[in-house]
Number of protein chains: 2
Amino acid sequence: MITQLHAVLREAGLKVTAPRLAVLAAIENAPHAGADDLFGAVRLELPGTSLQAVYGVLGALTTAGVLRRIEPAGSPARYERRVGDNHHHIVCTTCGAVADVDCVHGDAPCLAPSATNGFTVQSAEITFWGLCPKCQAAAQSEAAAASAVHDRLSST
Amino acid sequence: MITQLHAVLREAGLKVTAPRLAVLAAIENAPHAGADDLFGAVRLELPGTSLQAVYGVLGALTTAGVLRRIEPAGSPARYERRVGDNHHHIVCTTCGAVADVDCVHGDAPCLAPSATNGFTVQSAEITFWGLCPKCQAAAQSEAAAASAVHDRLSST
DNA sequence: CACTTGTCTTGAGTAATTCAAAACACCGGC
DNA sequence: GCCGGTGTTTTGAATTACTCAAGACAAGTG
(Lines give C-alpha, C1' and ligand atoms only; values in the text may rest on other atoms or scores of the structure.)
Protein backbone atom coordinates (compact mmCIF):
# COMPACT_ATOMS: atom_id res chain seq x y z
CA MET A 1 0.00 0.00 0.00
CA ILE A 2 2.87 2.33 0.73
CA THR A 3 4.05 1.56 -2.77
CA GLN A 4 0.66 2.65 -4.14
CA LEU A 5 0.85 6.01 -2.43
CA HIS A 6 4.41 6.28 -3.66
CA ALA A 7 3.13 5.82 -7.20
CA VAL A 8 0.42 8.43 -6.69
CA LEU A 9 3.06 11.01 -5.90
CA ARG A 10 5.41 10.07 -8.72
CA GLU A 11 2.62 10.11 -11.27
CA ALA A 12 1.72 13.61 -10.14
CA GLY A 13 5.31 14.64 -10.77
CA LEU A 14 6.07 15.18 -7.09
CA LYS A 15 8.99 14.08 -4.99
CA VAL A 16 8.25 11.24 -2.62
CA THR A 17 8.87 12.23 0.98
CA ALA A 18 7.90 10.77 4.32
CA PRO A 19 5.53 13.62 5.29
CA ARG A 20 3.72 13.32 1.97
CA LEU A 21 3.24 9.59 2.31
CA ALA A 22 2.08 10.05 5.87
CA VAL A 23 -0.46 12.71 4.90
CA LEU A 24 -1.80 10.57 2.06
CA ALA A 25 -2.06 7.55 4.37
CA ALA A 26 -3.84 9.66 7.00
CA ILE A 27 -6.35 10.96 4.48
CA GLU A 28 -7.20 7.42 3.39
CA ASN A 29 -8.27 6.69 6.96
CA ALA A 30 -10.05 10.00 7.43
CA PRO A 31 -11.58 11.43 4.28
CA HIS A 32 -12.73 15.07 4.69
CA ALA A 33 -10.21 15.62 7.47
CA GLY A 34 -8.86 19.08 8.17
CA ALA A 35 -5.23 20.16 8.36
CA ASP A 36 -5.23 19.90 12.11
CA ASP A 37 -6.69 16.39 12.19
CA LEU A 38 -4.19 15.24 9.61
CA PHE A 39 -1.38 16.85 11.55
CA GLY A 40 -2.45 14.83 14.58
CA ALA A 41 -2.57 11.60 12.60
CA VAL A 42 0.76 12.23 10.90
CA ARG A 43 2.45 12.96 14.21
CA LEU A 44 1.68 9.46 15.44
CA GLU A 45 3.82 7.94 12.72
CA LEU A 46 6.26 10.76 12.09
CA PRO A 47 6.66 12.68 15.33
CA GLY A 48 9.07 15.26 13.98
CA THR A 49 6.66 16.62 11.38
CA SER A 50 5.68 20.27 11.66
CA LEU A 51 2.23 21.71 11.08
CA GLN A 52 3.67 23.88 8.34
CA ALA A 53 4.91 20.77 6.58
CA VAL A 54 1.35 19.44 6.58
CA TYR A 55 0.08 22.72 5.14
CA GLY A 56 2.83 22.57 2.54
CA VAL A 57 2.01 18.99 1.59
CA LEU A 58 -1.70 19.73 1.36
CA GLY A 59 -1.02 22.77 -0.79
CA ALA A 60 1.29 20.85 -3.12
CA LEU A 61 -1.06 17.88 -3.46
CA THR A 62 -4.03 20.15 -4.08
CA THR A 63 -2.17 22.09 -6.77
CA ALA A 64 -1.06 18.81 -8.35
CA GLY A 65 -4.67 17.62 -8.46
CA VAL A 66 -4.14 14.70 -6.09
CA LEU A 67 -6.34 16.21 -3.42
CA ARG A 68 -9.40 18.42 -3.48
CA ARG A 69 -9.84 21.13 -0.92
CA ILE A 70 -13.33 21.86 0.35
CA GLU A 71 -14.19 24.73 2.61
CA PRO A 72 -17.67 24.56 4.12
CA ALA A 73 -18.85 27.80 5.72
CA GLY A 74 -17.93 28.02 9.39
CA SER A 75 -15.48 25.16 9.24
CA PRO A 76 -11.73 24.94 8.58
CA ALA A 77 -10.67 23.62 5.18
CA ARG A 78 -10.95 19.89 4.58
CA TYR A 79 -9.27 17.65 2.05
CA GLU A 80 -10.32 14.57 0.12
CA ARG A 81 -8.82 12.04 -2.30
CA ARG A 82 -11.86 11.79 -4.60
CA VAL A 83 -11.02 14.12 -7.44
CA GLY A 84 -12.11 14.35 -11.05
CA ASP A 85 -15.60 13.00 -10.56
CA ASN A 86 -18.73 15.03 -10.09
CA HIS A 87 -19.74 14.66 -6.50
CA HIS A 88 -20.83 17.08 -3.84
CA HIS A 89 -21.05 17.23 -0.06
CA ILE A 90 -23.50 17.23 2.77
CA VAL A 91 -22.40 18.97 5.94
CA CYS A 92 -23.93 18.55 9.37
CA THR A 93 -25.13 21.93 10.65
CA THR A 94 -24.49 20.82 14.22
CA CYS A 95 -21.17 19.01 14.30
CA GLY A 96 -19.68 19.81 10.89
CA ALA A 97 -19.36 16.19 9.76
CA VAL A 98 -19.03 15.83 5.99
CA ALA A 99 -20.22 13.06 3.67
CA ASP A 100 -20.10 12.60 -0.09
CA VAL A 101 -23.23 12.92 -2.20
CA ASP A 102 -23.48 12.07 -5.87
CA CYS A 103 -25.34 14.73 -7.82
CA VAL A 104 -28.87 13.70 -8.76
CA HIS A 105 -28.58 15.19 -12.18
CA GLY A 106 -25.24 13.81 -13.27
CA ASP A 107 -23.40 17.03 -13.80
CA ALA A 108 -24.78 19.02 -16.71
CA PRO A 109 -27.86 20.85 -15.41
CA CYS A 110 -26.23 22.43 -12.40
CA LEU A 111 -23.54 23.86 -14.64
CA ALA A 112 -26.03 25.87 -16.65
CA PRO A 113 -27.53 28.68 -14.60
CA SER A 114 -30.06 30.81 -16.43
CA ALA A 115 -28.57 34.28 -16.10
CA THR A 116 -24.97 34.77 -15.12
CA ASN A 117 -24.74 38.58 -15.06
CA GLY A 118 -21.93 38.46 -17.61
CA PHE A 119 -19.88 35.95 -15.66
CA THR A 120 -18.26 32.98 -17.42
CA VAL A 121 -19.11 29.82 -15.51
CA GLN A 122 -16.23 27.43 -14.90
CA SER A 123 -17.65 25.06 -12.32
CA ALA A 124 -20.46 24.51 -9.89
CA GLU A 125 -20.29 23.37 -6.33
CA ILE A 126 -23.23 22.11 -4.32
CA THR A 127 -23.28 21.91 -0.55
CA PHE A 128 -26.19 20.28 1.22
CA TRP A 129 -26.80 21.21 4.83
CA GLY A 130 -28.51 18.92 7.27
CA LEU A 131 -28.12 16.68 10.28
CA CYS A 132 -25.84 13.67 10.46
CA PRO A 133 -27.30 10.47 11.95
CA LYS A 134 -25.50 11.09 15.24
CA CYS A 135 -26.85 14.63 15.67
CA GLN A 136 -30.35 13.52 14.63
CA ALA A 137 -30.30 11.04 17.51
CA ALA A 138 -28.92 13.66 19.89
CA ALA A 139 -31.60 16.17 18.83
CA GLN A 140 -34.34 13.60 19.39
CA SER A 141 -33.23 12.59 22.87
CA GLU A 142 -32.82 16.26 23.76
CA ALA A 143 -36.33 17.02 22.51
CA ALA A 144 -37.60 14.10 24.59
CA ALA A 145 -35.84 15.42 27.68
CA ALA A 146 -37.21 18.92 27.06
CA SER A 147 -40.77 17.67 26.71
CA ALA A 148 -40.33 15.64 29.91
CA VAL A 149 -39.35 18.84 31.71
CA HIS A 150 -42.27 20.60 30.12
CA ASP A 151 -44.64 17.89 31.33
CA ARG A 152 -43.32 18.18 34.83
CA LEU A 153 -43.65 21.97 34.85
CA SER A 154 -47.14 22.06 33.39
CA SER A 155 -48.40 19.43 35.82
CA THR A 156 -47.60 21.58 38.88
CA MET B 1 -36.22 55.35 3.35
CA ILE B 2 -34.77 55.52 6.84
CA THR B 3 -38.28 54.81 8.08
CA GLN B 4 -38.36 51.67 5.93
CA LEU B 5 -35.19 50.33 7.46
CA HIS B 6 -36.55 51.27 10.84
CA ALA B 7 -39.61 49.13 10.12
CA VAL B 8 -37.44 46.23 9.00
CA LEU B 9 -35.77 46.17 12.37
CA ARG B 10 -38.95 46.54 14.41
CA GLU B 11 -40.66 43.79 12.47
CA ALA B 12 -37.76 41.51 13.21
CA GLY B 13 -38.22 42.25 16.90
CA LEU B 14 -34.96 44.15 17.18
CA LYS B 15 -34.18 47.46 18.80
CA VAL B 16 -33.59 50.31 16.41
CA THR B 17 -30.14 51.79 16.80
CA ALA B 18 -27.97 54.05 14.69
CA PRO B 19 -25.34 51.39 13.89
CA ARG B 20 -28.03 48.96 12.76
CA LEU B 21 -29.66 51.50 10.46
CA ALA B 22 -26.26 52.45 9.08
CA VAL B 23 -25.32 48.82 8.38
CA LEU B 24 -28.65 48.18 6.67
CA ALA B 25 -28.27 51.33 4.58
CA ALA B 26 -24.72 50.35 3.63
CA ILE B 27 -25.80 46.88 2.55
CA GLU B 28 -28.47 48.37 0.27
CA ASN B 29 -25.71 50.17 -1.59
CA ALA B 30 -23.33 47.25 -1.62
CA PRO B 31 -24.97 43.84 -1.70
CA HIS B 32 -22.56 40.98 -0.96
CA ALA B 33 -20.29 43.28 1.01
CA GLY B 34 -18.07 41.91 3.75
CA ALA B 35 -17.85 43.07 7.35
CA ASP B 36 -14.84 45.21 6.59
CA ASP B 37 -16.43 46.95 3.60
CA LEU B 38 -19.54 47.65 5.62
CA PHE B 39 -17.45 48.95 8.49
CA GLY B 40 -15.82 51.39 6.08
CA ALA B 41 -19.18 52.54 4.72
CA VAL B 42 -20.72 52.88 8.17
CA ARG B 43 -17.79 54.94 9.41
CA LEU B 44 -18.50 57.63 6.83
CA GLU B 45 -21.87 58.33 8.39
CA LEU B 46 -21.24 57.28 11.96
CA PRO B 47 -17.57 57.81 12.69
CA GLY B 48 -17.67 56.53 16.25
CA THR B 49 -18.79 53.04 15.28
CA SER B 50 -16.52 50.17 16.18
CA LEU B 51 -15.78 47.16 14.03
CA GLN B 52 -17.14 44.93 16.77
CA ALA B 53 -20.42 46.79 16.63
CA VAL B 54 -20.64 45.93 12.93
CA TYR B 55 -19.95 42.28 13.70
CA GLY B 56 -22.58 42.43 16.42
CA VAL B 57 -25.15 44.00 14.12
CA LEU B 58 -24.44 41.50 11.35
CA GLY B 59 -24.74 38.63 13.78
CA ALA B 60 -28.01 39.90 15.21
CA LEU B 61 -29.54 40.61 11.80
CA THR B 62 -28.45 37.23 10.47
CA THR B 63 -29.95 35.43 13.46
CA ALA B 64 -33.15 37.43 13.07
CA GLY B 65 -33.39 36.41 9.41
CA VAL B 66 -33.00 39.92 8.02
CA LEU B 67 -29.65 39.16 6.44
CA ARG B 68 -28.11 36.08 4.90
CA ARG B 69 -24.48 35.30 5.44
CA ILE B 70 -22.56 33.71 2.59
CA GLU B 71 -19.04 32.47 2.90
CA PRO B 72 -17.37 31.60 -0.39
CA ALA B 73 -14.17 29.56 -0.03
CA GLY B 74 -11.10 31.76 0.25
CA SER B 75 -13.05 34.92 0.93
CA PRO B 76 -14.24 36.65 4.09
CA ALA B 77 -17.93 36.33 4.93
CA ARG B 78 -20.37 38.46 2.96
CA TYR B 79 -23.90 39.54 3.72
CA GLU B 80 -27.00 40.16 1.64
CA ARG B 81 -30.55 41.41 2.07
CA ARG B 82 -32.18 38.89 -0.29
CA VAL B 83 -33.48 36.23 2.05
CA GLY B 84 -36.23 33.67 1.77
CA ASP B 85 -36.04 33.14 -1.96
CA ASN B 86 -34.15 30.41 -3.72
CA HIS B 87 -31.18 32.00 -5.35
CA HIS B 88 -27.54 31.13 -5.51
CA HIS B 89 -24.24 32.84 -6.22
CA ILE B 90 -21.51 33.05 -8.76
CA VAL B 91 -18.10 34.02 -7.50
CA CYS B 92 -15.20 35.30 -9.58
CA THR B 93 -12.20 33.00 -9.12
CA THR B 94 -9.85 35.92 -9.72
CA CYS B 95 -11.21 38.90 -7.82
CA GLY B 96 -13.86 37.35 -5.58
CA ALA B 97 -16.74 39.45 -6.92
CA VAL B 98 -20.15 37.92 -6.19
CA ALA B 99 -23.37 38.07 -8.20
CA ASP B 100 -26.80 36.53 -7.70
CA VAL B 101 -27.96 33.65 -9.87
CA ASP B 102 -31.46 32.24 -9.91
CA CYS B 103 -31.50 28.47 -9.87
CA VAL B 104 -32.31 26.94 -13.26
CA HIS B 105 -34.48 24.30 -11.70
CA GLY B 106 -36.59 26.41 -9.42
CA ASP B 107 -35.65 24.89 -6.13
CA ALA B 108 -36.93 21.35 -5.80
CA PRO B 109 -34.47 19.13 -7.69
CA CYS B 110 -31.33 20.37 -6.01
CA LEU B 111 -32.88 19.65 -2.64
CA ALA B 112 -33.21 15.95 -3.39
CA PRO B 113 -29.83 14.26 -3.58
CA SER B 114 -29.96 10.55 -4.36
CA ALA B 115 -28.15 9.07 -1.37
CA THR B 116 -27.56 11.07 1.76
CA ASN B 117 -25.63 8.58 3.89
CA GLY B 118 -28.21 8.83 6.63
CA PHE B 119 -28.13 12.61 6.77
CA THR B 120 -31.35 14.64 6.90
CA VAL B 121 -31.21 17.33 4.24
CA GLN B 122 -32.30 20.80 5.37
CA SER B 123 -31.11 23.01 2.52
CA ALA B 124 -28.92 23.13 -0.53
CA GLU B 125 -26.49 25.80 -1.53
CA ILE B 126 -25.01 26.19 -4.98
CA THR B 127 -21.91 28.21 -5.70
CA PHE B 128 -20.85 28.77 -9.28
CA TRP B 129 -17.24 29.66 -9.94
CA GLY B 130 -16.13 31.64 -12.95
CA LEU B 131 -14.80 34.94 -14.22
CA CYS B 132 -16.54 38.27 -13.80
CA PRO B 133 -16.75 40.53 -16.89
CA LYS B 134 -13.89 42.69 -15.60
CA CYS B 135 -11.52 39.77 -15.07
CA GLN B 136 -12.48 38.24 -18.42
CA ALA B 137 -11.36 41.46 -20.08
CA ALA B 138 -8.18 41.57 -17.99
CA ALA B 139 -7.39 37.93 -18.84
CA GLN B 140 -7.87 38.62 -22.55
CA SER B 141 -5.64 41.67 -22.68
CA GLU B 142 -3.03 39.80 -20.66
CA ALA B 143 -3.19 36.88 -23.07
CA ALA B 144 -2.79 39.34 -25.93
CA ALA B 145 0.26 40.90 -24.26
CA ALA B 146 1.76 37.47 -23.62
CA SER B 147 1.31 36.39 -27.22
CA ALA B 148 2.88 39.67 -28.35
CA VAL B 149 5.91 38.88 -26.20
CA HIS B 150 5.93 35.38 -27.60
CA ASP B 151 5.87 36.74 -31.15
CA ARG B 152 8.80 38.99 -30.41
CA LEU B 153 10.81 36.17 -28.85
CA SER B 154 10.10 33.64 -31.54
CA SER B 155 10.96 36.10 -34.30
CA THR B 156 14.55 36.53 -33.02
C1' DC C 1 28.44 9.84 -5.31
C1' DA C 2 27.87 14.75 -5.89
C1' DC C 3 24.84 18.29 -7.38
C1' DT C 4 20.68 20.62 -8.11
C1' DT C 5 16.20 21.47 -7.00
C1' DG C 6 12.65 21.35 -4.29
C1' DT C 7 10.98 20.21 0.60
C1' DC C 8 10.90 20.64 5.54
C1' DT C 9 11.86 23.01 10.00
C1' DT C 10 11.85 26.90 12.77
C1' DG C 11 10.10 31.17 13.91
C1' DA C 12 7.34 34.96 13.16
C1' DG C 13 3.31 37.32 11.27
C1' DT C 14 -1.44 38.18 9.43
C1' DA C 15 -6.54 38.43 8.62
C1' DA C 16 -11.04 37.55 10.14
C1' DT C 17 -13.53 36.77 13.79
C1' DT C 18 -14.88 36.03 18.69
C1' DC C 19 -14.96 36.82 23.79
C1' DA C 20 -15.64 39.69 28.05
C1' DA C 21 -16.71 43.52 30.91
C1' DA C 22 -18.21 47.95 31.62
C1' DA C 23 -20.52 52.16 29.68
C1' DC C 24 -24.42 53.39 27.32
C1' DA C 25 -29.02 53.77 24.77
C1' DC C 26 -33.59 52.07 23.35
C1' DC C 27 -38.30 51.84 24.52
C1' DG C 28 -42.35 50.16 27.40
C1' DG C 29 -44.53 51.72 31.37
C1' DC C 30 -45.62 55.29 34.74
C1' DG D 1 -41.62 63.41 29.48
C1' DC D 2 -38.80 60.63 32.64
C1' DC D 3 -37.17 55.96 34.63
C1' DG D 4 -35.68 51.59 34.75
C1' DG D 5 -34.67 47.07 32.78
C1' DT D 6 -32.82 44.83 28.99
C1' DG D 7 -30.18 44.56 25.31
C1' DT D 8 -26.43 47.08 22.52
C1' DT D 9 -22.07 49.19 21.83
C1' DT D 10 -17.36 50.32 23.10
C1' DT D 11 -12.89 49.10 24.44
C1' DG D 12 -9.40 45.88 24.72
C1' DA D 13 -7.66 41.45 24.29
C1' DA D 14 -7.55 36.72 22.56
C1' DT D 15 -8.18 32.97 19.25
C1' DT D 16 -8.21 30.27 15.07
C1' DA D 17 -6.61 29.01 10.65
C1' DC D 18 -3.42 29.98 7.80
C1' DT D 19 0.71 32.25 5.29
C1' DC D 20 5.49 34.03 4.71
C1' DA D 21 10.60 33.78 4.91
C1' DA D 22 15.18 31.89 5.56
C1' DG D 23 18.16 28.41 6.30
C1' DA D 24 18.92 23.24 6.93
C1' DC D 25 18.14 19.17 4.63
C1' DA D 26 16.87 15.35 1.42
C1' DA D 27 15.08 13.31 -3.15
C1' DG D 28 16.29 12.14 -7.52
C1' DT D 29 19.18 13.01 -11.83
C1' DG D 30 23.33 12.00 -14.23
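In what follows, every chain begins at residue 1, and chains take the letters A, B, ... in the order their sequences are listed.
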Protein-nucleotide distance ([X], atom [atom1]; [N], atom [atom2]), rounded to Å:
X     : N      : atom1 : atom2 : answer
A:Y55 : C:dT10 : OH    : P     : 17 Å
A:L58 : C:dT7  : CG    : C1'   : 14 Å
B:E71 : C:dT18 : CD    : P     : 9 Å
B:L38 : D:dT9  : CG    : C1'   : 17 Å
B:L51 : C:dC19 : CG    : C1'   : 14 Å
A:D36 : D:dT15 : CG    : C1'   : 13 Å
B:I70 : C:dA16 : CD1   : P     : 16 Å
B:F39 : C:dA15 : CZ    : C1'   : 15 Å

Q) Should B:H89 and B:I126 count as side-chain neighbours, where that means a heavy-atom distance under 4.5 Å? A)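 No, their side chains stay 4.5 Å or more apart.
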Q) Does a side-chain heavy-atom distance below 4.5 Å link B:V91 with B:F128? A)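 No, too far: nothing below the 4.5 Å cut-off.
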Q: Report the distance from atom CG of A:L67 to atom CG of A:L38, rounding to the nearest 0.5 Å.
A: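 Nearest 0.5 Å value for the CG-CG distance: 8.5 Å.
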Q. What's the spacing between A:R68 CZ and A:L61 CG if we round to 0.5 Å?
A.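 Reported value, rounded in 0.5 Å steps: 15.5 Å.
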Q: Please state whether the phosphate of D:dT9, meaning OP1 or OP2, lies under 4.0 angstrom from any side-chain nitrogen or oxygen of B:T17.
A: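 It does, given that an N or O in the side chain of B:T17 lies less than 4.0 Å from OP1 or OP2 of D:dT9.
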Q.
Counting only side-chain nitrogens and oxygens, does A:R69 get under 4.0 Å of the OP1 or OP2 atom of D:dC18?
A. yes
Tell me what [X] touches on the nucleic acid: a base, only sugar-phosphate, or nothing, going by heavy atoms under 4.0 Å.
X     : answer
B:G48 : sugar-phosphate
B:S50 : base
A:A77 : sugar-phosphate

Q) Is any side-chain N of the basic residue among A:R69 and A:E71 closer than 4.0 Å to the acidic one's carboxylate O? A)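 Between A:E71 and A:R69 there is a salt bridge, with a charged N closer than 4.0 Å to a carboxylate O.
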Q. Between B:R81 and B:E28, is there a side-chain N and carboxylate O pair less than 4.0 Å apart?
A. yes
Q. When you match B:R10 and B:Q52 each to their closest nucleotide on DNA chain C, which lands nearer the 5' end?
A. B:Q52
Q. Mapping B:V16 and B:R78 to their closest nucleotides on DNA chain C, which lands nearer the 5' end?
A.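 Residue closer to the 5' terminus by nearest nucleotide: B:R78.
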Q: Kindly point out which of D:dT9, D:dG28, C:dT9 is positioned nearest to the side chain of B:A53?
A: D:dT9
Q: Heavy atoms only: give me the nearest A:L21-A:H6 pair and the separation to one decimal.
A: CD2-N, 3.7 Å
Q | Angle between terminal axes - the helix from C:dC1-D:dG30 to C:dC30-D:dG1, 5 pairs each end, rounded to 10° | A |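 One end axis against the other gives 30°.
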